[in-house]
Amino acid sequence: MPSLDPAIAEIRRAVRAALSSLTAGSTVLVALSGGADSLALAAATAFEAPKLGLRAASVTVDHGLQSGSAEAALAAARTAAALGLDPLVVRVEVGADGGPEAAAREARRRALRDAARDAGAAAVLLGHTLDDQAETVLLGLARGAGATSLGGMAADRADDETGVRWLRPLLGVRRAATAAACAAAGLTPWQDPHNLDDRFRRVRVRERVLPVLEAELGPGIAEALARTAEQLREDAQAFEDMIAETIEDIVEPAEAGIAVSVAALAANPPALRHRIIRHVVQSEFHQSLTRVQTLEVARLVTDYSGQGPIDLPGCRARRVGRLIEFSASSDAA
């Protein structure tokens, strides 16, 4: 019997580990674009899922952004069926909010969430690799993002709306391994033209920035960035746990919003103080604050000299005696 190709074996191990926490009888969906990453993931899932008593299907999202997208989606579905997965193709309309990359990502997320809900799926498997994680960290650094964003993508995250789990089994696998696994299995990936279009920042990072870093600083840059993301995710989770333990004791209802104790905020170190401020605005008003906005609110605690209310996305912050009061802005009311 011929030995199993190392790339196929690596990806199967990663998928097996991700699926092992699911209950037998559950359904899992593979987000299948037809590219090498998702195709290798689909093949490994088709092999591993039945061994764990799981039903496996695929969802291919046709964004309709380029000619031939419908044919490419249909080809991916046919490949999924040949692998033993129940295929589904969903056509979406991509808006313009946030730019083409963000709009396509949001349309895809909605389609996958709806498909998971309709199928009663326990998890959706995404084909992001270690290389994607490294690119995400570099893009976050370029934006000046904080630790939460630099923590990159989670390997396992529960969807806030549906409870379905988003699993990324290949975050420890290099992109070269998925291509090698497809070649060894005789699978022909679809080459998405957008992956070579340097109008997109992620493509420029992939094709230009990372290769320069590897050439100038030596190999292993992608792995180092992925390790950084993992460590920052651990730190971010620790902060979230601390906030969860603290928040109920330091907040109270306020007119049209919520209020936080000045003394409690002042007693915390800056990193935790800033996270509490961002957490309050996010949870109460579903808005994200920039660092500049967060620091302006923090000055109501640490450097208060009678300054007036601060206008924030969806809300307004002001100091009222011993409290920092957050209330809905007139535009959001």
* To do: Could you walk me through whether Gln307 and Leu300 pass the side-chain contact (heavy atoms from CB on, under 4.5 Å) test, one step at a time?
  => CA-CA 8 Å; Gln307 61 262 42; Leu300 296 175; 3.7 Å; yes

* Stepwise side-chain contact (heavy atoms from CB on, under 4.5 Å) check, Arg299 with Ile310 -> CA-CA 10 Å; Arg299 287 184 63 241; Ile310 299 170; over 6 Å; no

* Audit row: Met153, Leu171, side-chain contact (heavy atoms from CB on, under 4.5 Å) steps and yes/no -> CA-CA 8 Å; Met153 297 174 284; Leu171 280 184; 4.2 Å; yes

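The CD1 atom of Ile250 sits 7.0 Å away from atom OG of Ser261, with the distance rounded to the nearest 0.5 Å. In this structure, OG1 on Thr79 lies 10.5 Å from CG on Leu85, to the nearest 0.5 angstrom. Note that NE2 of His286 is 11.5 Å distant from SG of Cys315, once rounded to the nearest 0.5 Å. One finds the OG1 atom of Thr178 at 4.0 Å from the CG atom of Asp37 (value rounded to the nearest 0.5 Å).
A donor-acceptor contact shorter than 3.5 Å links the side chain of Thr302 to the backbone of Ala298. One N or O on the side chain of Arg273 and one on the backbone of Asn268 form a donor-acceptor pair closer than 3.5 Å. Distance alone, capped at 3.5 Å, is enough to place a donor-acceptor pair between the His274 side chain and the Pro270 backbone.
Under the 4.0 Å criterion applied to side-chain N and carboxylate O atoms, Glu252 and Arg322 are assigned as salt-bridge partners. A salt bridge is absent between Arg204 and Asp198: the closest approach of a Lys/Arg side-chain nitrogen to an acidic carboxylate oxygen does not fall below 4.0 angstrom. Note on Glu223 versus Arg227: no salt bridge recorded, every NZ/NE/NH1/NH2 to OD/OE distance being 4.0 Å or above. In this structure, Glu10 does not pair ionically with Arg13, as no charged nitrogen and carboxylate oxygen lie closer than 4.0 Å.
Here the shortest heavy-atom pairing between Ile11 and Ala181 reads CD1-CB, 3.5 Å. Shown here for Ala7 and Ala177, the closest heavy-atom pair between the two residues is CB-O, 3.5 Å. Closest heavy-atom contact between Gly151 and Gln133: O-NE2, 4.1 Å. In terms of heavy-atom proximity, Ala77 sits nearest to Thr60 at N-OG1, 4.4 Å. Between Gly152 and Arg233, the shortest heavy-atom contact is O-NH1, 2.8 Å.
The hydrophobic clustering, which links ILVMFWY residues whose side-chain heavy atoms are closer than 4.5 Å, places Ile247 and Ile277 together. Linking Ile, Leu, Val, Met, Phe, Trp and Tyr residues whenever their side-chain heavy atoms come within less than 4.5 Å leaves Val212 and Val205 in two separate clusters. Hydrophobic clustering, with ILVMFWY side chains joined whenever heavy atoms are under 4.5 angstrom apart, keeps Val292 apart from Leu141. Note on Val297: it does not cluster hydrophobically with Leu323, by side-chain heavy-atom contacts below 4.5 Å among ILVMFWY residues.
Heavy-atom neighbours of Glu230 CD from other residues, nucleotides or ligands within 6.0 Å: at or below the threshold of 12. Other residues, nucleotides and ligands contribute more than 12 heavy atoms inside 6.0 Å of the CZ atom of Arg109.
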Solution key, residues 111-130 side-chain donor-acceptor pairs under 3.5 Å, sequence neighbours excluded:
{"unit_1": "Arg113", "atom_1": "NE", "unit_2": "Asp159", "atom_2": "OD1", "d": "3.3"}
{"unit_1": "Arg113", "atom_1": "NE", "unit_2": "Asp159", "atom_2": "OD2", "d": "3.0"}
{"unit_1": "Arg113", "atom_1": "NH2", "unit_2": "Asp159", "atom_2": "OD2", "d": "3.2"}
{"unit_1": "Asp114", "atom_1": "OD1", "unit_2": "Arg117", "atom_2": "NH1", "d": "2.9"}
{"unit_1": "His128", "atom_1": "ND1", "unit_2": "Arg168", "atom_2": "NE", "d": "2.9"}
{"unit_1": "Thr129", "atom_1": "OG1", "unit_2": "Asp131", "atom_2": "N", "d": "3.3"}
{"unit_1": "Thr129", "atom_1": "OG1", "unit_2": "Asp132", "atom_2": "N", "d": "3.4"}
{"unit_1": "Thr129", "atom_1": "OG1", "unit_2": "Asp132", "atom_2": "OD2", "d": "3.2"}

For residues 43-57, which side-chain donor-acceptor pairs fall under 3.5 Å, sequence neighbours excluded?
{"unit_1": "Thr45", "atom_1": "OG1", "unit_2": "Leu41", "atom_2": "O", "d": "2.8"}
{"unit_1": "Glu48", "atom_1": "OE1", "unit_2": "Arg16", "atom_2": "NE", "d": "3.1"}
{"unit_1": "Glu48", "atom_1": "OE2", "unit_2": "Arg16", "atom_2": "NH2", "d": "3.0"}
{"unit_1": "Arg55", "atom_1": "NE", "unit_2": "Asp86", "atom_2": "OD2", "d": "3.3"}
{"unit_1": "Arg55", "atom_1": "NH2", "unit_2": "Asp86", "atom_2": "OD2", "d": "3.0"}

Show me the donor-acceptor pairs, under 3.5 Å and distance only, between side chains in residues 27-34 and residues at least two apart or in other chains.
{"unit_1": "Ser33", "atom_1": "OG", "unit_2": "Gly35", "atom_2": "N", "d": "3.1"}
{"unit_1": "Ser33", "atom_1": "OG", "unit_2": "Ser38", "atom_2": "OG", "d": "3.1"}

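Every side-chain hydrogen bond (donor to acceptor under 3.5 Å, both in side chains) that Gln293 has, sequence neighbours left out, goes to Thr290. Under the rule for a salt bridge (Lys or Arg N to Asp or Glu O under 4.0 Å), the partners of Glu135 that lie at least two apart in sequence or sit in another chain are Arg175, Arg202, Arg206. Residues forming a salt bridge (Lys or Arg N to Asp or Glu O under 4.0 Å) with Arg108 (at least two apart in sequence, or on another chain): none.
Side-chain contact between Val301 and Val260 is absent, with no heavy atoms from C-beta onward closer than 4.5 Å.
Side-chain contact annotation: Arg165 with Ser21, donor-acceptor N/O pair under 3.5 Å present. Gln231 and Asp235 share no donor-acceptor pair across their side chains, judged by distance under 3.5 Å alone.
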